[in-house]
Amino acid sequence: MRTGSAAAGPYALDIDPVRAGWGYSSLRVLELAPGAQHRFATGESEWIVLPLSGGCTVEADGETLELRGRRSVFSGVSDFAYVPRDAEVRLSSAGGGRFALPGARCERRLAVRYGAAEDVPVELRGSGACSRQVNNFGAAHVFEADRLIAVEVLTPGGNWSSYPPHKHDEYREGAESELEEIYYFEIAPHGATEGFGYQRVSPSGQGKGTDVLAEVRGGDAVLIPDGWHGPSMAAPGHDMYYLNVMAGPGVDRAWLICDHPDHAWIRGSWAEMAVDPRLPLYGTKEIEGPQGVQGAHGLQEAQGAQGLREAGKIQQAGEGEGAK
């Protein structure tokens with residue numbers, strides 16, 4: 001979905017189960033001018049309010065949560081808010097900003113909660129040209145929800161992520177989850193030059209036989225009801241961000257994947273290569289330096305990737321949940 005093609009009302013992007021033709025996953029992107037506010041009913045879905053840029057106040061169920069947010073998705077991990085189904089929500093932003101609202105149809109009604117940026121586990125996955133950073137703010141093993149799973153992935157320019165290709169389009173006990181997925185992209189520009197990348201999805205023999213090779217730019221989204229997805233390819237010189245939103249019918253909220261048998265061998269090669277030295281693009285916090293708040297490369301230069309790992313702020317991924 002090209003940027004603007006799925007806009008509706010106040011939302012720059014509005015994907016729900018009806019529009020997507022599936023059962024659970026949703027994503028909205030809301031743009032608020034300075035001093036503006038927005039109200040919405042959660043209906044039968046649970047939602048996370050995730051700042052992409054700027055901060056906001058979230059009010060629901062008598063609770064008021066202040067989100068500090070961030071300058072951009074390339075400057076730091078953000079705090080976030082969880083709001084349950086069957087609630088009325090008010091968002092307001094003194095300084096304005098852009099806010100992602102990943103959601104999922106669900107049954108249980110949980111409490112309104114705040115997610116602190118410093119509590120978000122940051123993982124480095126892969127190595128060499130497959131190195132990427134995963135911010136596991138809404139992963140199944142990290143933050144409680146009924147059905148919603150959401151993570152952020154940052155891929156340095158020239159690298160591949162979501163690789164080897166993998167799928168989660170059928171339930172196999174202990175081996176694979178059935179999850180619908182949305183990829184929402186933002187691409188770092190180079191000066192005045194707009195960034196871009198590519199996304200591949202190939203048929204797995206399940207579902208609709210999804211087959212996609214798409215150029216992606218900032219604000220674009222790719223819907224993945226089924227199929228082997230990956231790689232996500234960042235053009236050289238343009239770091240890639242994507243937000244993954246997942247949900248499905250499984251009784252257990254789990255993110256279990258199956259690697260493509262033709263390409264799974266690549267995992268075995270990673271131990272022989274170093275992680276891309278550009279990672280992490282940032283840790284769990286933007287930090288204050290002589291030039292003010294430092295983001296991506298400011299944090300890396302100030303502390304260094306090795307220093308962040310030694311401090312326990314960065315985790316080296318193994319064969320755990322997910323494959324982004």
Side-chain angles (χ1 to χ4, degrees), residues 1-32 38-52 56 58 60-61 67 73 78 80-91 98-110 112-113 115 137-140 143-153 168-169 177-186 199 201 207-208 210 216 219-227 229 241-250 253-255 322 324:
M1 290 185 169
R2 294 296 182 194
T3 182
S5 66
Y11 301 113
L13 176 73
D14 188 3
I15 299 168
D16 63 12
V18 173
R19 172 168 280 184
W22 56 33
Y24 297 92
S25 299
S26 295
L27 178 63
R28 297 168 175 169
V29 175
L30 175 69
E31 299 177 352
L32 287 179
H38 173 66
R39 297 176 184 269
F40 71 98
T42 59
E44 59 185 359
S45 294
E46 58 187 346
W47 301 85
I48 285 176
V49 180
L50 177 71
L52 300 174
C56 67
V58 180
D61 282 2
L67 302 186
V73 296
S78 181
F80 60 96
Y82 172 92
V83 292
R85 60 168 293 160
D86 303 318
E88 297 291 329
V89 182
R90 177 178 179 267
L91 304 182
R98 299 174 61 252
F99 307 95
L101 305 175
R105 281 179 175 164
C106 64
E107 288 75 42
R108 288 191 300 149
R109 191 177 195 276
L110 305 179
V112 173
R113 277 169 294 139
F137 73 96
F143 189 83
E144 185 184 11
D146 189 29
R147 293 194 179 276
L148 177 61
I149 299 172
V151 301
E152 299 178 305
V153 181
H168 40 69
D169 57 12
S177 305
E178 182 181 351
L179 297 168
E180 310 152 352
E181 185 163 18
I182 303 168
Y183 277 56
Y184 168 77
F185 293 90
E186 298 206 356
Q199 177 66 46
V201 186
K208 302 176 181 179
T210 303
V216 291
D220 290 350
V222 174
L223 307 187
I224 305 175
D226 52 69
H229 41 289
Y241 163 96
Y242 51 87
L243 171 63
N244 289 132
V245 181
M246 292 167 277
R253 178 175 169 253
W255 180 17
K324 304 306 171 188

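Everything numeric in this text was worked out from a predicted model, so none of it was measured.
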Trainee: Where do Lys208 and Pro225 come nearest, in terms of heavy atoms and distance?
Mentor: CD-CG, 4.2 Å
Trainee: If you define the side chain from C-beta out and look only at heavy atoms, does anything of Leu67 sit under 4.5 Å from Ser78?
Mentor: no
Trainee: Quick one, Pro10 and Leu30 - any side-chain contact, counting heavy atoms below 4.5 Å?
Mentor: yes
Trainee: In chain order, what residues pass the side chain to side chain donor-acceptor pair (under 3.5 Å) check against Thr42, with sequence neighbours excluded?
Mentor: none
Trainee: Please find the pair of heavy atoms, one from Ala221 and one from Ile15, that lie closest to each other, and give the distance.
Mentor: CB-CD1, 4.0 Å
Trainee: Does a side-chain heavy-atom distance below 4.5 Å link Trp255 with Val151?
Mentor: yes
Trainee: Could you tell me which residues satisfy side-chain contact (heavy atoms from CB on, under 4.5 Å) with Glu180, sequence neighbours excluded, listed by chain and number?
Mentor: Trp22, Tyr24, Ser25
Trainee: With sequence neighbours left out, which residue pairs that include part of residues 9-25 fulfil the salt bridge (Lys or Arg N to Asp or Glu O under 4.0 Å) condition?
Mentor: Asp14-Arg28
Trainee: Taking side-chain contact (heavy atoms from CB on, under 4.5 Å) as the definition, give me every residue that meets it alongside Ala60, ordered by chain and number, with sequence neighbours left out.
Mentor: Val83, Val89, Val112
Trainee: Might you point out which heavy atoms bring Ala100 and Leu27 nearest each other, and give the distance in Å?
Mentor: CB-CD1, 4.4 Å
Trainee: Which residues satisfy the salt bridge (Lys or Arg N to Asp or Glu O under 4.0 Å) test with Asp220, sequence neighbours excluded?
Mentor: Arg2
Trainee: Can you check side chain to side chain contact (heavy atoms under 4.5 Å, CB included) on Leu101 and Leu91, steps first, answer last?
Mentor: CA-CA 11 Å; Leu101 305 175; Leu91 304 182; 4.3 Å; yes
Trainee: Evaluate the side chain to side chain contact (heavy atoms under 4.5 Å, CB included) criterion for residues His229 and Val222: first the C-alpha distance (whole Å), next the side-chain angles of each, then the deciding distance (0.1 Å), finally the verdict.
Mentor: CA-CA 10 Å; His229 41 289; Val222 174; over 6 Å; no
Trainee: Who passes side chain to side chain donor-acceptor pair (under 3.5 Å) against Asp61, sequence neighbours left out?
Mentor: Arg109
Trainee: State, to 0.1 Å, how close Val245 and Ser26 come at their nearest heavy-atom pair, and which atoms those are.
Mentor: CG1-O, 3.5 Å
Trainee: Does any non-hydrogen side-chain atom of Glu46 lie less than 4.5 Å from one of Arg147?
Mentor: yes
Trainee: Glu31: which residues meet the side-chain contact (heavy atoms from CB on, under 4.5 Å) condition with it, sequence neighbours left out?
Mentor: Ala12, Arg98
Trainee: Considering residues at least two apart in sequence or located in another chain, which fulfil the side chain to side chain donor-acceptor pair (under 3.5 Å) criterion with Asn244?
Mentor: Glu181
Trainee: Do the side chains of Leu243 and Val73 get nearer than 4.5 Å, heavy atoms only?
Mentor: no
Trainee: Taking all heavy atoms of Arg253 and all of Asp146, pick out the closest pair and write down the distance.
Mentor: CD-O, 3.6 Å
Trainee: With a 4.5 Å cut-off on side-chain heavy atoms, are Tyr184 and Leu52 touching?
Mentor: yes
Trainee: According to ring pair (Phe, Tyr, Trp, His ring centres under 6.0 Å), who are the partners of Tyr242, at least two apart in sequence or on a separate chain?
Mentor: Tyr183, Phe185
Trainee: What's the verdict on side chain to side chain contact (heavy atoms under 4.5 Å, CB included) for Ile182 and Ile224, showing C-alpha distance, side-chain angles and the deciding distance?
Mentor: CA-CA 6 Å; Ile182 303 168; Ile224 305 175; over 6 Å; no
Trainee: Could you list the residues that satisfy side chain to side chain donor-acceptor pair (under 3.5 Å) with Glu44, not counting sequence neighbours?
Mentor: Arg105
Trainee: Please report the C-alpha distance between Phe137 and Ile48 in whole Å, then the side-chain angles of each, then the deciding distance to 0.1 Å, and finally whether the side chain to side chain contact (heavy atoms under 4.5 Å, CB included) criterion is met.
Mentor: CA-CA 10 Å; Phe137 73 96; Ile48 285 176; 4.0 Å; yes
Trainee: For Arg113, which residues count as a side-chain contact (heavy atoms from CB on, under 4.5 Å) partner, sequence neighbours excluded?
Mentor: Tyr82, Leu110, Phe143, Glu144
